[in-house]
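Every heavy atom of this structure was used, including side-chain atoms; hydrogens, water molecules and symmetry mates were not. Throughout, protein chains are lettered first and strands after them, A, B, ... in sequence-line order, and every chain is numbered starting at 1.
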Amino acid sequence: MYWKETMRQMNDIGIGSLVIVGIISIFIGAVTAVQFSYQLQGGFIPDYYIGYIVRDSTIIEMAPTITCLVLAGKVGSNMAAEIGGMRQKEHIDAMEIMGVNTAAYLILPKLIAAVVVIPMLVFLAAFVSIIGGYLASVPTGIITDTDYVRGLRSFFDSYNIFMMFVKAVVFAFLLTSISCYQGYYVKGGSIELGQASTQAVVLSDILILFADYLIALLLTS
Amino acid sequence: MIKVENIKKSFGKVEVLQGISCNFLPGKTNLIIGRSGAGKTVLLKILVGLFTPTAGKVWYNDTDFFQLNKAQRRAIRMDVGMLFQGSALFDSLTVEQNIRFPLDMFTNKTKKEKLMRVNDCLARVNLDGSNDKFPSEISGGMQKRVGIARSIVLEPKYLFCDEPNSGLDPKTSIVIDELIKSITIENNITTVINTHDMNSVMEIGDNIALLYKGELVWQGNKDEVLDTDNQILQDFIFASPFLQRLRSAALAK
(Lines give C-alpha, C1' and ligand atoms only; values in the text may rest on other atoms or scores of the structure.)
Protein backbone atom coordinates (compact mmCIF):
# COMPACT_ATOMS: atom_id res chain seq x y z
CA MET A 1 0.00 0.00 0.00
CA TYR A 2 2.79 2.42 0.91
CA TRP A 3 4.67 1.59 -2.30
CA LYS A 4 1.53 2.02 -4.39
CA GLU A 5 0.75 5.33 -2.74
CA THR A 6 4.33 6.53 -3.24
CA MET A 7 4.11 5.66 -6.94
CA ARG A 8 0.80 7.51 -7.21
CA GLN A 9 2.33 10.57 -5.59
CA MET A 10 5.37 10.40 -7.87
CA ASN A 11 3.04 10.38 -10.84
CA ASP A 12 0.95 13.26 -9.48
CA ILE A 13 3.93 15.42 -8.57
CA GLY A 14 6.17 14.49 -11.49
CA ILE A 15 4.00 13.92 -14.53
CA GLY A 16 1.36 16.30 -13.20
CA SER A 17 3.84 19.16 -13.00
CA LEU A 18 5.72 18.59 -16.25
CA VAL A 19 3.78 21.11 -18.33
CA ILE A 20 3.89 23.98 -15.85
CA VAL A 21 7.58 23.38 -15.08
CA GLY A 22 8.35 23.21 -18.80
CA ILE A 23 6.54 26.46 -19.60
CA ILE A 24 8.11 28.35 -16.71
CA SER A 25 11.59 27.04 -17.45
CA ILE A 26 11.54 27.96 -21.10
CA PHE A 27 10.65 31.54 -20.19
CA ILE A 28 13.22 31.70 -17.39
CA GLY A 29 15.95 30.82 -19.90
CA ALA A 30 14.55 33.12 -22.55
CA VAL A 31 14.27 36.14 -20.26
CA THR A 32 17.69 35.53 -18.73
CA ALA A 33 19.29 35.39 -22.19
CA VAL A 34 17.52 38.50 -23.48
CA GLN A 35 18.20 40.60 -20.38
CA PHE A 36 21.86 39.65 -20.13
CA SER A 37 22.40 40.40 -23.79
CA TYR A 38 20.88 43.83 -23.12
CA GLN A 39 23.22 44.40 -20.17
CA LEU A 40 26.25 43.23 -22.09
CA GLN A 41 25.59 45.53 -25.05
CA GLY A 42 28.45 47.82 -25.95
CA GLY A 43 30.74 46.41 -23.28
CA PHE A 44 33.93 44.47 -23.44
CA ILE A 45 32.40 41.17 -22.40
CA PRO A 46 32.24 38.69 -25.27
CA ASP A 47 28.81 37.57 -26.53
CA TYR A 48 29.37 33.92 -25.75
CA TYR A 49 29.12 34.86 -22.06
CA ILE A 50 25.34 34.90 -22.54
CA GLY A 51 25.31 31.11 -22.87
CA TYR A 52 27.60 30.79 -19.88
CA ILE A 53 25.46 33.11 -17.75
CA VAL A 54 22.20 31.44 -18.75
CA ARG A 55 23.65 28.02 -17.92
CA ASP A 56 25.05 28.92 -14.51
CA SER A 57 22.24 31.18 -13.29
CA THR A 58 19.76 28.54 -14.32
CA ILE A 59 21.59 25.66 -12.69
CA ILE A 60 22.58 27.42 -9.47
CA GLU A 61 19.52 29.53 -8.80
CA MET A 62 16.66 29.76 -11.26
CA ALA A 63 15.84 26.11 -11.86
CA PRO A 64 15.76 24.93 -8.23
CA THR A 65 14.30 28.06 -6.65
CA ILE A 66 11.70 29.14 -9.19
CA THR A 67 10.62 25.57 -9.87
CA CYS A 68 10.16 24.85 -6.16
CA LEU A 69 8.36 28.14 -5.53
CA VAL A 70 5.94 27.21 -8.30
CA LEU A 71 5.62 23.66 -7.00
CA ALA A 72 4.89 25.01 -3.51
CA GLY A 73 1.87 26.69 -5.09
CA LYS A 74 0.80 23.76 -7.24
CA VAL A 75 1.79 20.66 -5.30
CA GLY A 76 1.94 22.13 -1.77
CA SER A 77 -1.54 23.64 -1.82
CA ASN A 78 -2.86 20.41 -3.32
CA MET A 79 -1.32 18.33 -0.52
CA ALA A 80 -2.64 20.63 2.20
CA ALA A 81 -6.12 20.59 0.69
CA GLU A 82 -6.11 16.81 0.15
CA ILE A 83 -5.02 15.93 3.68
CA GLY A 84 -7.09 18.72 5.24
CA GLY A 85 -10.17 17.51 3.37
CA MET A 86 -9.57 14.00 4.67
CA ARG A 87 -9.28 15.37 8.21
CA GLN A 88 -12.56 17.24 7.88
CA LYS A 89 -14.46 14.34 6.36
CA GLU A 90 -13.28 12.07 9.20
CA HIS A 91 -11.26 9.92 6.78
CA ILE A 92 -8.19 10.31 8.97
CA ASP A 93 -10.18 9.36 12.08
CA ALA A 94 -11.51 6.32 10.23
CA MET A 95 -7.98 5.25 9.32
CA GLU A 96 -6.75 5.85 12.88
CA ILE A 97 -9.49 3.62 14.25
CA MET A 98 -8.59 0.92 11.72
CA GLY A 99 -5.10 1.03 13.25
CA VAL A 100 -3.41 2.85 10.37
CA ASN A 101 -0.48 5.08 11.25
CA THR A 102 -2.01 8.01 9.39
CA ALA A 103 0.99 10.30 9.53
CA ALA A 104 3.14 7.58 8.00
CA TYR A 105 0.54 6.51 5.44
CA LEU A 106 -0.54 9.98 4.32
CA ILE A 107 2.64 12.02 4.66
CA LEU A 108 5.59 9.66 4.16
CA PRO A 109 4.74 8.61 0.57
CA LYS A 110 4.30 12.28 -0.38
CA LEU A 111 7.61 13.17 1.23
CA ILE A 112 9.51 10.33 -0.45
CA ALA A 113 7.85 11.00 -3.80
CA ALA A 114 8.65 14.73 -3.62
CA VAL A 115 12.26 14.23 -2.57
CA VAL A 116 12.79 11.78 -5.46
CA VAL A 117 10.77 13.48 -8.19
CA ILE A 118 11.31 17.20 -7.58
CA PRO A 119 15.09 17.02 -8.15
CA MET A 120 14.31 15.33 -11.47
CA LEU A 121 11.91 18.14 -12.34
CA VAL A 122 14.55 20.69 -11.37
CA PHE A 123 17.10 18.96 -13.59
CA LEU A 124 14.61 19.01 -16.43
CA ALA A 125 13.83 22.67 -15.70
CA ALA A 126 17.51 23.55 -15.99
CA PHE A 127 17.77 21.72 -19.31
CA VAL A 128 14.62 23.31 -20.75
CA SER A 129 15.69 26.70 -19.48
CA ILE A 130 18.96 26.48 -21.38
CA ILE A 131 16.98 25.58 -24.50
CA GLY A 132 14.73 28.56 -23.76
CA GLY A 133 17.79 30.79 -23.67
CA TYR A 134 18.92 29.37 -26.99
CA LEU A 135 15.52 29.91 -28.63
CA ALA A 136 15.32 33.48 -27.39
CA SER A 137 18.81 34.50 -28.43
CA VAL A 138 19.95 32.51 -31.48
CA PRO A 139 16.96 32.63 -33.89
CA THR A 140 16.45 36.31 -33.03
CA GLY A 141 20.04 37.15 -33.93
CA ILE A 142 21.17 38.29 -30.48
CA ILE A 143 24.11 35.88 -30.68
CA THR A 144 25.19 33.12 -33.00
CA ASP A 145 24.57 29.46 -32.47
CA THR A 146 28.35 28.91 -32.13
CA ASP A 147 28.70 31.60 -29.46
CA TYR A 148 25.77 30.29 -27.40
CA VAL A 149 27.10 26.72 -27.45
CA ARG A 150 30.61 27.96 -26.70
CA GLY A 151 29.21 29.84 -23.68
CA LEU A 152 27.43 26.74 -22.50
CA ARG A 153 30.69 24.79 -22.65
CA SER A 154 32.84 27.43 -20.97
CA PHE A 155 33.96 27.43 -17.32
CA PHE A 156 31.77 24.48 -16.44
CA ASP A 157 32.00 23.41 -12.79
CA SER A 158 30.17 20.21 -11.86
CA TYR A 159 29.95 21.44 -8.27
CA ASN A 160 27.12 23.73 -9.46
CA ILE A 161 25.09 20.66 -10.40
CA PHE A 162 25.68 19.29 -6.91
CA MET A 163 24.47 22.61 -5.46
CA MET A 164 21.35 22.47 -7.65
CA PHE A 165 20.46 19.00 -6.38
CA VAL A 166 21.10 19.95 -2.75
CA LYS A 167 18.71 22.86 -3.15
CA ALA A 168 16.13 20.73 -4.93
CA VAL A 169 16.12 18.06 -2.21
CA VAL A 170 15.94 20.58 0.64
CA PHE A 171 13.19 22.62 -1.03
CA ALA A 172 11.21 19.47 -1.84
CA PHE A 173 11.40 18.37 1.78
CA LEU A 174 10.36 21.81 3.01
CA LEU A 175 7.40 22.32 0.71
CA THR A 176 6.05 18.81 1.33
CA SER A 177 6.45 18.70 5.08
CA ILE A 178 5.02 22.19 5.60
CA SER A 179 2.04 21.55 3.33
CA CYS A 180 1.26 18.16 4.86
CA TYR A 181 1.55 19.61 8.37
CA GLN A 182 -0.87 22.41 7.51
CA GLY A 183 -3.38 19.94 6.09
CA TYR A 184 -2.99 17.28 8.78
CA TYR A 185 -3.67 19.66 11.66
CA VAL A 186 -6.40 21.72 10.03
CA LYS A 187 -9.39 22.48 12.25
CA GLY A 188 -12.77 23.99 11.48
CA GLY A 189 -14.52 24.12 8.13
CA SER A 190 -13.98 25.05 4.52
CA ILE A 191 -12.72 28.57 5.32
CA GLU A 192 -10.02 27.14 7.59
CA LEU A 193 -9.15 24.58 4.91
CA GLY A 194 -8.64 27.39 2.41
CA GLN A 195 -6.53 29.28 4.95
CA ALA A 196 -4.43 26.19 5.63
CA SER A 197 -3.84 25.76 1.93
CA THR A 198 -2.78 29.39 1.54
CA GLN A 199 -0.66 29.20 4.68
CA ALA A 200 1.08 26.12 3.28
CA VAL A 201 2.10 28.01 0.14
CA VAL A 202 3.15 31.21 1.93
CA LEU A 203 5.20 29.40 4.60
CA SER A 204 6.78 27.08 2.05
CA ASP A 205 7.78 30.01 -0.15
CA ILE A 206 9.30 31.94 2.74
CA LEU A 207 11.23 28.96 4.05
CA ILE A 208 12.41 27.99 0.55
CA LEU A 209 13.84 31.47 0.07
CA PHE A 210 15.44 31.41 3.51
CA ALA A 211 16.89 27.94 2.87
CA ASP A 212 18.12 29.14 -0.52
CA TYR A 213 20.12 31.85 1.21
CA LEU A 214 21.50 29.45 3.82
CA ILE A 215 22.53 26.86 1.23
CA ALA A 216 24.16 29.55 -0.87
CA LEU A 217 26.10 30.71 2.17
CA LEU A 218 27.13 27.21 3.22
CA LEU A 219 28.01 25.80 -0.19
CA THR A 220 29.84 28.79 -1.60
CA SER A 221 31.86 29.90 1.41
CA MET B 1 -16.18 -6.34 27.19
CA ILE B 2 -15.42 -2.65 27.46
CA LYS B 3 -15.43 -1.12 30.89
CA VAL B 4 -15.46 2.62 31.48
CA GLU B 5 -14.29 3.92 34.86
CA ASN B 6 -15.00 7.42 36.08
CA ILE B 7 -14.33 9.08 32.71
CA LYS B 8 -14.06 12.84 32.79
CA LYS B 9 -13.41 15.11 29.86
CA SER B 10 -13.07 18.87 29.74
CA PHE B 11 -12.57 21.23 26.83
CA GLY B 12 -11.10 24.34 28.40
CA LYS B 13 -13.34 25.20 31.33
CA VAL B 14 -16.29 23.23 29.99
CA GLU B 15 -16.63 19.82 31.63
CA VAL B 16 -18.34 17.67 28.99
CA LEU B 17 -18.18 14.34 30.83
CA GLN B 18 -18.38 14.29 34.60
CA GLY B 19 -17.28 10.88 35.76
CA ILE B 20 -18.99 8.25 33.61
CA SER B 21 -18.72 4.60 34.71
CA CYS B 22 -20.43 1.76 32.86
CA ASN B 23 -19.89 -1.56 31.07
CA PHE B 24 -20.46 -2.41 27.43
CA LEU B 25 -21.21 -6.09 27.03
CA PRO B 26 -20.15 -8.57 24.32
CA GLY B 27 -22.83 -9.96 22.03
CA LYS B 28 -25.12 -7.08 22.98
CA THR B 29 -26.05 -3.84 21.29
CA ASN B 30 -24.99 -1.25 23.85
CA LEU B 31 -26.60 2.12 23.30
CA ILE B 32 -25.41 5.50 24.50
CA ILE B 33 -28.38 7.83 24.31
CA GLY B 34 -29.03 11.40 25.29
CA ARG B 35 -29.94 14.79 23.97
CA SER B 36 -27.64 16.73 21.66
CA GLY B 37 -24.75 18.09 23.69
CA ALA B 38 -25.07 15.44 26.39
CA GLY B 39 -21.56 14.13 25.66
CA LYS B 40 -22.40 10.99 23.66
CA THR B 41 -19.99 11.59 20.79
CA VAL B 42 -17.22 12.67 23.16
CA LEU B 43 -17.65 9.43 25.14
CA LEU B 44 -17.62 7.38 21.93
CA LYS B 45 -14.49 9.15 20.71
CA ILE B 46 -12.84 8.46 24.05
CA LEU B 47 -13.79 4.79 23.77
CA VAL B 48 -12.03 4.51 20.41
CA GLY B 49 -9.10 6.66 21.52
CA LEU B 50 -9.70 9.67 19.30
CA PHE B 51 -9.97 11.82 22.44
CA THR B 52 -7.94 11.34 25.60
CA PRO B 53 -9.97 11.65 28.81
CA THR B 54 -9.07 14.25 31.41
CA ALA B 55 -9.42 11.51 34.02
CA GLY B 56 -10.62 7.92 34.22
CA LYS B 57 -9.92 4.63 32.49
CA VAL B 58 -11.19 2.63 29.55
CA TRP B 59 -10.65 -1.12 29.78
CA TYR B 60 -10.72 -3.40 26.75
CA ASN B 61 -11.13 -6.68 28.65
CA ASP B 62 -8.10 -6.53 30.99
CA THR B 63 -6.20 -3.85 29.09
CA ASP B 64 -6.17 -0.23 30.20
CA PHE B 65 -6.34 1.44 26.76
CA PHE B 66 -4.84 4.78 27.73
CA GLN B 67 -1.84 3.17 29.41
CA LEU B 68 -0.79 1.68 26.08
CA ASN B 69 1.72 3.26 23.74
CA LYS B 70 0.76 4.18 20.17
CA ALA B 71 1.85 0.85 18.67
CA GLN B 72 -0.05 -1.14 21.30
CA ARG B 73 -3.16 0.96 20.72
CA ARG B 74 -2.91 0.26 17.00
CA ALA B 75 -2.85 -3.45 17.77
CA ILE B 76 -6.12 -3.12 19.71
CA ARG B 77 -7.61 -1.02 16.96
CA MET B 78 -7.17 -3.92 14.57
CA ASP B 79 -10.03 -5.45 16.55
CA VAL B 80 -12.15 -2.32 16.28
CA GLY B 81 -14.59 -1.35 13.55
CA MET B 82 -16.35 1.97 13.42
CA LEU B 83 -19.28 3.33 11.50
CA PHE B 84 -19.15 7.11 11.35
CA GLN B 85 -22.13 9.43 11.32
CA GLY B 86 -21.24 10.60 7.83
CA SER B 87 -19.98 7.12 6.86
CA ALA B 88 -16.44 8.53 6.25
CA LEU B 89 -16.06 6.52 3.06
CA PHE B 90 -13.01 7.44 0.99
CA ASP B 91 -14.74 9.27 -1.82
CA SER B 92 -12.02 8.74 -4.43
CA LEU B 93 -12.23 4.96 -3.98
CA THR B 94 -14.94 2.62 -5.19
CA VAL B 95 -17.13 0.64 -2.82
CA GLU B 96 -14.90 -2.39 -3.32
CA GLN B 97 -11.70 -0.42 -2.73
CA ASN B 98 -13.19 1.13 0.42
CA ILE B 99 -14.02 -2.25 1.91
CA ARG B 100 -10.73 -3.74 0.74
CA PHE B 101 -8.69 -0.92 2.30
CA PRO B 102 -8.23 -2.56 5.75
CA LEU B 103 -7.39 -5.86 4.04
CA ASP B 104 -4.75 -4.17 1.90
CA MET B 105 -3.28 -2.45 4.94
CA PHE B 106 -3.20 -5.30 7.41
CA THR B 107 -3.39 -8.68 5.71
CA ASN B 108 -1.25 -10.68 3.32
CA LYS B 109 -4.21 -12.20 1.53
CA THR B 110 -4.08 -12.69 -2.21
CA LYS B 111 -6.14 -10.49 -4.51
CA LYS B 112 -8.62 -13.31 -4.99
CA GLU B 113 -9.02 -13.90 -1.24
CA LYS B 114 -9.52 -10.19 -0.65
CA LEU B 115 -12.15 -10.00 -3.36
CA MET B 116 -13.96 -12.98 -1.86
CA ARG B 117 -13.96 -11.36 1.58
CA VAL B 118 -15.18 -8.04 0.12
CA ASN B 119 -17.98 -9.82 -1.72
CA ASP B 120 -18.93 -11.71 1.48
CA CYS B 121 -19.19 -8.43 3.36
CA LEU B 122 -21.16 -6.80 0.55
CA ALA B 123 -23.54 -9.75 0.52
CA ARG B 124 -23.88 -9.48 4.30
CA VAL B 125 -25.12 -5.90 3.97
CA ASN B 126 -27.27 -6.74 0.91
CA LEU B 127 -25.19 -4.76 -1.54
CA ASP B 128 -24.03 -7.53 -3.87
CA GLY B 129 -22.71 -6.23 -7.15
CA SER B 130 -22.07 -2.66 -5.98
CA ASN B 131 -18.30 -3.14 -6.13
CA ASP B 132 -17.52 -0.57 -8.80
CA LYS B 133 -19.76 2.24 -7.64
CA PHE B 134 -18.31 5.33 -5.99
CA PRO B 135 -19.73 6.61 -2.68
CA SER B 136 -21.19 9.63 -4.49
CA GLU B 137 -23.19 7.28 -6.71
CA ILE B 138 -25.05 5.52 -3.91
CA SER B 139 -27.72 6.63 -1.43
CA GLY B 140 -27.10 7.60 2.21
CA GLY B 141 -28.50 4.30 3.45
CA MET B 142 -26.26 2.37 1.06
CA GLN B 143 -23.28 4.41 2.20
CA LYS B 144 -24.04 3.41 5.79
CA ARG B 145 -24.20 -0.23 4.72
CA VAL B 146 -20.85 0.10 2.91
CA GLY B 147 -19.52 1.69 6.11
CA ILE B 148 -20.74 -1.33 8.07
CA ALA B 149 -19.20 -3.70 5.52
CA ARG B 150 -15.87 -1.88 5.81
CA SER B 151 -16.01 -1.94 9.59
CA ILE B 152 -16.60 -5.71 9.75
CA VAL B 153 -14.21 -6.77 6.99
CA LEU B 154 -11.43 -7.59 9.48
CA GLU B 155 -13.92 -9.40 11.77
CA PRO B 156 -13.62 -6.98 14.69
CA LYS B 157 -14.36 -7.79 18.32
CA TYR B 158 -15.67 -4.29 18.93
CA LEU B 159 -17.99 -2.26 16.73
CA PHE B 160 -18.72 1.41 17.32
CA CYS B 161 -21.48 3.25 15.51
CA ASP B 162 -21.89 7.00 15.72
CA GLU B 163 -25.48 7.98 14.96
CA PRO B 164 -25.98 5.18 12.41
CA ASN B 165 -29.51 6.34 11.58
CA SER B 166 -28.98 10.05 11.24
CA GLY B 167 -30.29 11.38 7.97
CA LEU B 168 -32.04 8.13 7.07
CA ASP B 169 -35.75 7.49 6.58
CA PRO B 170 -37.48 5.28 9.21
CA LYS B 171 -37.54 2.16 7.01
CA THR B 172 -33.86 2.38 6.13
CA SER B 173 -33.10 3.06 9.80
CA ILE B 174 -34.78 -0.20 10.73
CA VAL B 175 -32.73 -2.06 8.10
CA ILE B 176 -29.50 -0.58 9.51
CA ASP B 177 -30.53 -1.38 13.09
CA GLU B 178 -31.41 -4.97 12.23
CA LEU B 179 -28.15 -5.37 10.35
CA ILE B 180 -26.07 -4.11 13.26
CA LYS B 181 -28.01 -6.25 15.71
CA SER B 182 -27.63 -9.44 13.69
CA ILE B 183 -23.91 -8.86 13.04
CA THR B 184 -23.45 -8.29 16.79
CA ILE B 185 -25.11 -11.56 17.70
CA GLU B 186 -23.53 -13.62 14.89
CA ASN B 187 -20.00 -12.60 15.75
CA ASN B 188 -20.43 -11.98 19.49
CA ILE B 189 -19.15 -8.43 19.01
CA THR B 190 -19.25 -5.74 21.67
CA THR B 191 -21.25 -3.13 19.82
CA VAL B 192 -21.56 0.41 21.11
CA ILE B 193 -24.05 2.67 19.35
CA ASN B 194 -24.40 6.34 19.93
CA THR B 195 -27.94 7.36 19.01
CA HIS B 196 -30.94 9.49 19.76
CA ASP B 197 -33.21 7.45 17.54
CA MET B 198 -36.13 6.22 19.67
CA ASN B 199 -36.87 3.32 17.39
CA SER B 200 -33.32 2.02 17.87
CA VAL B 201 -33.71 2.35 21.62
CA MET B 202 -36.91 0.32 21.68
CA GLU B 203 -35.85 -2.29 19.09
CA ILE B 204 -32.18 -3.07 19.70
CA GLY B 205 -31.41 -1.56 23.12
CA ASP B 206 -29.91 -4.52 25.01
CA ASN B 207 -27.93 -2.28 27.31
CA ILE B 208 -28.76 1.42 27.34
CA ALA B 209 -26.82 4.23 29.01
CA LEU B 210 -28.54 7.61 29.21
CA LEU B 211 -26.29 10.64 29.41
CA TYR B 212 -27.60 13.95 30.62
CA LYS B 213 -25.36 17.02 30.81
CA GLY B 214 -22.26 14.83 30.90
CA GLU B 215 -23.51 12.46 33.59
CA LEU B 216 -24.79 8.91 33.39
CA VAL B 217 -28.31 9.20 34.79
CA TRP B 218 -29.85 5.85 33.88
CA GLN B 219 -28.77 2.41 32.69
CA GLY B 220 -31.00 -0.49 31.72
CA ASN B 221 -32.44 -2.31 28.72
CA LYS B 222 -35.26 -1.64 26.26
CA ASP B 223 -37.81 -3.55 28.39
CA GLU B 224 -37.08 -1.38 31.39
CA VAL B 225 -37.55 1.83 29.44
CA LEU B 226 -41.36 1.65 29.51
CA ASP B 227 -41.54 1.07 33.26
CA THR B 228 -38.97 3.61 34.30
CA ASP B 229 -39.82 6.37 36.70
CA ASN B 230 -36.66 8.23 35.78
CA GLN B 231 -38.03 11.61 34.75
CA ILE B 232 -35.05 12.53 32.53
CA LEU B 233 -35.41 9.28 30.58
CA GLN B 234 -39.15 9.73 30.27
CA ASP B 235 -38.74 13.29 29.05
CA PHE B 236 -36.14 12.15 26.54
CA ILE B 237 -37.82 9.01 25.18
CA PHE B 238 -41.41 10.16 25.27
CA ALA B 239 -40.76 13.72 24.24
CA SER B 240 -43.85 14.17 22.06
CA PRO B 241 -47.51 13.95 23.22
CA PHE B 242 -48.00 11.16 20.68
CA LEU B 243 -45.29 9.02 22.26
CA GLN B 244 -46.64 9.80 25.73
CA ARG B 245 -50.07 8.50 24.67
CA LEU B 246 -48.44 5.38 23.22
CA ARG B 247 -46.61 4.74 26.46
CA SER B 248 -49.79 5.17 28.50
CA ALA B 249 -51.58 2.73 26.22
CA ALA B 250 -48.75 0.21 26.49
CA LEU B 251 -48.67 0.45 30.26
CA ALA B 252 -52.46 0.10 30.46
CA LYS B 253 -52.20 -3.22 28.59
Inspect the surroundings of [atom1] in [X] and state if more than 12 heavy atoms from other residues, nucleotides or ligands are less than 6.0 Å away.
X         : atom1 : value
Phe165(A) : CZ    : yes
Phe106(B) : CZ    : yes
Arg35(B)  : CZ    : no
Leu217(A) : CG    : yes
Phe173(A) : CZ    : no
Tyr185(A) : OH    : no
Asn188(B) : CG    : yes
Phe210(A) : CZ    : no

Please flag which part of [X] lies under 4.5 Å from any non-hydrogen atom of chain A: side chain, backbone, both or neither.
X        : value
Ile76(B) : neither
Lys45(B) : side chain
Asp79(B) : neither

Rounded to the nearest 0.5 Å, what's the gap from [atom1] on [X] to [atom2] on [Y]? Could you check?
X        : Y         : atom1 : atom2 : value
Ile97(A) : Phe160(B) : CD1   : CZ    : 8.5 Å
Met86(A) : Phe90(B)  : CE    : CZ    : 6.0 Å
Gln85(B) : Glu90(A)  : CD    : CD    : 7.5 Å

Quick one: closest heavy-atom pair of [X] and [Y], and the distance?
X         : Y         : answer
Met95(A)  : Phe101(B) : CE-CZ, 3.9 Å
Pro102(B) : Met98(A)  : CG-SD, 3.9 Å
Glu96(A)  : Arg77(B)  : O-CD, 3.1 Å
His91(A)  : Leu89(B)  : NE2-O, 2.8 Å

Out of Lys70(B), Arg73(B), Arg150(B), which one racks up the most heavy-atom pairs below 4.5 Å with chain A?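 Most heavy-atom pairs under 4.5 Å with chain A: Arg150(B).
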
Only pairs of heavy atoms separated by less than 4.5 Å count here; which of Met82(B), Met78(B), Met105(B) has the most with chain A?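 Looking at each option in turn, the highest pair count goes to Met105(B).
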
